[in-house]
Amino acid sequence: MARLAVLIASALFAASAWAADLTVSGAWIRHLPAGVPAGGFFTVHNLSKQDTALVGASSPDYGMVMIHKTIEEGGVSRMVEGGKIVLPAGGKVAFRPGGYHLMLMHAKHEIKVGTKIPVTLEFAGGQKVTALFEVRGATAR
Ligand SMILES: [Cu+2]
């Protein structure tokens, strides 16, 4: 437990240290019932003068968070690993339904619509930004 507290403290410190350069807006989770993985959506802005890349994500409320991309092939949509998402200097990248999304898996407790879940985004070079994601229902777009 003490170790967890230290990890959270360092994540929060990293978030505040970089908050001016990397900001997250419009963050939400589409919650699905019965243990189905949830999609996470947001826009991340890179206000710095250096290119960076989003390389991973994690949340204390889920066992695993992956970066996915929905693609269309022959009229069928499926999901592939998103890999490293380049975020150019002064630019932004939107994660939204039908494109890039976070896949939040193995919820550690019941996730309730209307609550907010912290998700930490990890960038190249070890920068981290934690944002609160609003939990919405299965029909949210
Ligand atoms: Cu997915």
Side-chain angles (χ1 to χ4, degrees), residues 1 3-141:
M1 198 59 203
R3 183 173 159 75
L4 183 63
V6 169
L7 287 174
I8 290 170
S10 63
L12 290 175
F13 175 79
S16 59
W18 292 96
D21 284 350
L22 295 167
T23 64
V24 174
S25 62
W28 62 284
I29 288 169
R30 184 196 285 153
H31 179 64
L32 301 174
V36 175
F41 310 103
F42 58 93
T43 300
V44 58
H45 306 255
N46 178 5
L47 305 176
S48 77
K49 293 190 163 49
Q50 289 188 316
D51 294 354
T52 185
L54 179 61
V55 296
S58 61
S59 170
D61 297 275
Y62 290 89
M64 186 187 281
V65 182
M66 295 181 74
I67 296 172
H68 275 180
K69 187 180 187 183
T70 301
I71 56 168
E72 283 251 336
E73 260 179 6
V76 179
S77 89
R78 65 188 184 94
M79 298 189 293
V80 296
E81 279 196 46
K84 175 172 137 176
I85 316 292
V86 173
L87 188 52
K92 65 180 178 179
V93 173
F95 277 52
R96 55 184 161 225
Y100 285 118
H101 58 276
L102 297 181
M103 203 88 258
L104 302 119
M105 289 169 278
H106 311 307
K108 292 182 179 173
H109 57 85
E110 189 190 345
I111 305 292
K112 291 202 172 80
V113 170
T115 60
K116 290 187 173 164
I117 301 285
V119 176
T120 298
L121 303 175
E122 300 161 20
F123 296 88
Q127 303 170 39
K128 290 182 178 172
V129 176
T130 299
L132 287 175
F133 282 55
E134 184 188 308
V135 180
R136 298 182 189 165
T139 58
R141 289 291 176 272

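Position 1 is the first residue of the sequence, and the numbers go up from there. We count ligands from 1, going down the list as the structure has it; atoms in each ligand are counted the same way. The structure displayed is predicted, hence computed values, not measured ones.
For the side chain to side chain contact (heavy atoms under 4.5 Å, CB included) with I117, the lone residue among I29, L132, L104 that qualifies is I29. Partner of K92 under the side chain to side chain contact (heavy atoms under 4.5 Å, CB included) criterion, chosen from V44, T43, L47: T43.
Every salt bridge (Lys or Arg N to Asp or Glu O under 4.0 Å) that R136 has, sequence neighbours left out, goes to E134.
Of all protein N, O or S atoms, those under 2.8 Å from the Cu ion (ligand 1) number 4.
Annotation: M105, atom CE; neighbour count of heavy atoms from other residues, nucleotides and ligands within 6.0 Å is above 12.
Side chain of H109 to main chain of A107: no donor-acceptor pair is present (N/O by atom type, distance under 3.5 Å, no hydrogens or angles).
The line from CZ of F41 to CZ of F95 is 10.5 Å long, rounded to the nearest 0.5 Å.
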